[in-house]
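Below, chain A is the first sequence line, B the second, and so on; all start at residue 1. For clarity, every value in this text was computed on a predicted model and none was experimentally measured. These values consider heavy atoms only, across backbone and side chains, with no hydrogens, waters or symmetry-generated copies.
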Number of protein chains: 2
Amino acid sequence: MARAATTSDAFNAVAEPRRREILEYLAQGERPVGELVARLGMEQPSVSKHLKVLHKVGLVRVRRHGRQMLYQANPDGIRPLYEWTQTFERLWAHQLLRVKERAEHKAREHN
Amino acid sequence: MARAATTSDAFNAVAEPRRREILEYLAQGERPVGELVARLGMEQPSVSKHLKVLHKVGLVRVRRHGRQMLYQANPDGIRPLYEWTQTFERLWAHQLLRVKERAEHKAREHN
DNA sequence: TTAATATATTCCCATATAGGAATATGTCAA
DNA sequence: TTGACATATTCCTATATGGGAATATATTAA
């Protein structure tokens, strides 16, 4: 088997750095393709292809406005990623705790 | 150009569902490869290969214990993902607000 | 209509997969 | 040493990719 398609889910879609840039930019609100091209310094066909992937996995919504296509981020699509990373929140807490304990230990040492 | 290597960063490494499963399992603590094989129902070479990718991007740590290799999740490696998703937190807040407003509106209607 | 603008699609290709099968390496026990 | 156990590596192959270049489609304006 080969690698799963970029369009198979949000995790795969977002693995591409350019697509993350696009999503970050679209977090500001609805924007036409041309603005992404201008601001992110990518080729127009490249932007369109990335948007197609993002759309397929539900990470962006589109709407036509005259000749322009207005894209916006669909934050709901990001939630699965957010929630998955939270699996490890507990472990971060432990680390912070350890740091805190070490700091307190040091503080006692110096008294 | 082709797709970026799975070993290029945490985003790419974690795009593979099997690797996420492995990380989730290792969130419990340090575990030998054999236990992953048994519990996750994957082939041993497959698990070893996935672990290699995870190790290369710093998502797991290893330690030898006799014949066994004990792997543990390195939660720090996940933080970049967590932090990136937080870019969109603000947008979720808006949505919750909208839900709340709708609920309150309905409540007023029924008075 | 025709031209101009905005975006999407197609074609080409070097590249890195993930899994299966087989085998290699490393470590302990007898 | 030899064998058994635990894990890693290699070889194979179908497959999807991302970028570049060229072109197609859709919409508005003249």
Nearest-neighbour nucleotide for the [X] side chain, [options] considered:
{"X": "A/T7", "options": "C/dA6, D/dT17, D/dA8", "result": "D/dT17"}
{"X": "A/V33", "options": "D/dA8, C/dA8, C/dG26", "result": "C/dA8"}
{"X": "B/A2", "options": "C/dT9, C/dA18, D/dT17", "result": "D/dT17"}
{"X": "A/R67", "options": "C/dA14, D/dT27, D/dT7", "result": "D/dT27"}
{"X": "A/H50", "options": "D/dG19, C/dA6, C/dA8", "result": "D/dG19"}

Does [X] put a side-chain nitrogen or oxygen below 4.0 Å from OP1 or OP2 of [N]?
{"X": "B/S46", "N": "C/dA18", "value": "no"}
{"X": "B/H65", "N": "D/dA6", "value": "no"}
{"X": "B/S48", "N": "D/dT7", "value": "no"}
{"X": "A/Y71", "N": "C/dA8", "value": "yes"}

Quick one: [X] [atom1] to [N] [atom2], roughly how many Å, whole number?
{"X": "B/Q44", "N": "D/dT10", "atom1": "CD", "atom2": "P", "result": "14 Å"}
{"X": "A/K52", "N": "C/dA6", "atom1": "NZ", "atom2": "P", "result": "22 Å"}
{"X": "A/L51", "N": "C/dA6", "atom1": "CG", "atom2": "P", "result": "16 Å"}
{"X": "A/R31", "N": "C/dT7", "atom1": "CZ", "atom2": "C1'", "result": "18 Å"}
{"X": "A/M69", "N": "D/dT28", "atom1": "CE", "atom2": "P", "result": "12 Å"}
{"X": "B/R18", "N": "C/dG19", "atom1": "CZ", "atom2": "P", "result": "6 Å"}
{"X": "B/I22", "N": "C/dA18", "atom1": "CD1", "atom2": "P", "result": "11 Å"}
{"X": "A/L40", "N": "C/dT7", "atom1": "CG", "atom2": "P", "result": "13 Å"}

Do [Y] and [X] meet the salt-bridge criterion of a basic N to acidic O distance under 4.0 Å?
{"X": "A/R3", "Y": "B/E16", "result": "no"}
{"X": "A/R39", "Y": "A/E35", "result": "no"}
{"X": "B/R79", "Y": "B/E83", "result": "yes"}

Residue whose nearest DNA chain C nucleotide is more 5′ - B/K49 or B/R3: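 Final value for this comparison: B/R3.
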Under 3.5 Å side-chain donor-acceptor pair for A/Q86 and A/Y82: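 A pair is found: one side chain offers a donor N or O, the other an acceptor, under 3.5 Å apart.
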Between A/H50 and A/R19, a side-chain donor and acceptor under 3.5 Å: yes
Residue mapping more 5' on DNA chain D - nearest nucleotide basis, A/G66 or A/P45: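 With A/P45 and A/G66 compared, the 5'-side residue is A/P45.
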First encountered from the 5' end of DNA chain D, between A/M1 and A/N12: A/M1
Terminal axis angle for the helix from C/dT1-D/dA30 to C/dA30-D/dT1, five pairs an end, nearest 10 degrees: 10°
Polar side-chain contact A/E43-D/dA21 base: donor and acceptor under 3.5 Å: no
Pair of N/O donor and acceptor under 3.5 Å linking C/dA18 base with B/E16 side chain: no
Flag if over 12 foreign heavy atoms under 6.0 Å of CD, B/E43: no
Single-linkage hydrophobic cluster, 4.5 Å side-chain cutoff, A/V60 and A/L36 together: yes
Min side-chain heavy-atom separation A/I22-A/Y71 under 4.5 Å: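 Not in contact.
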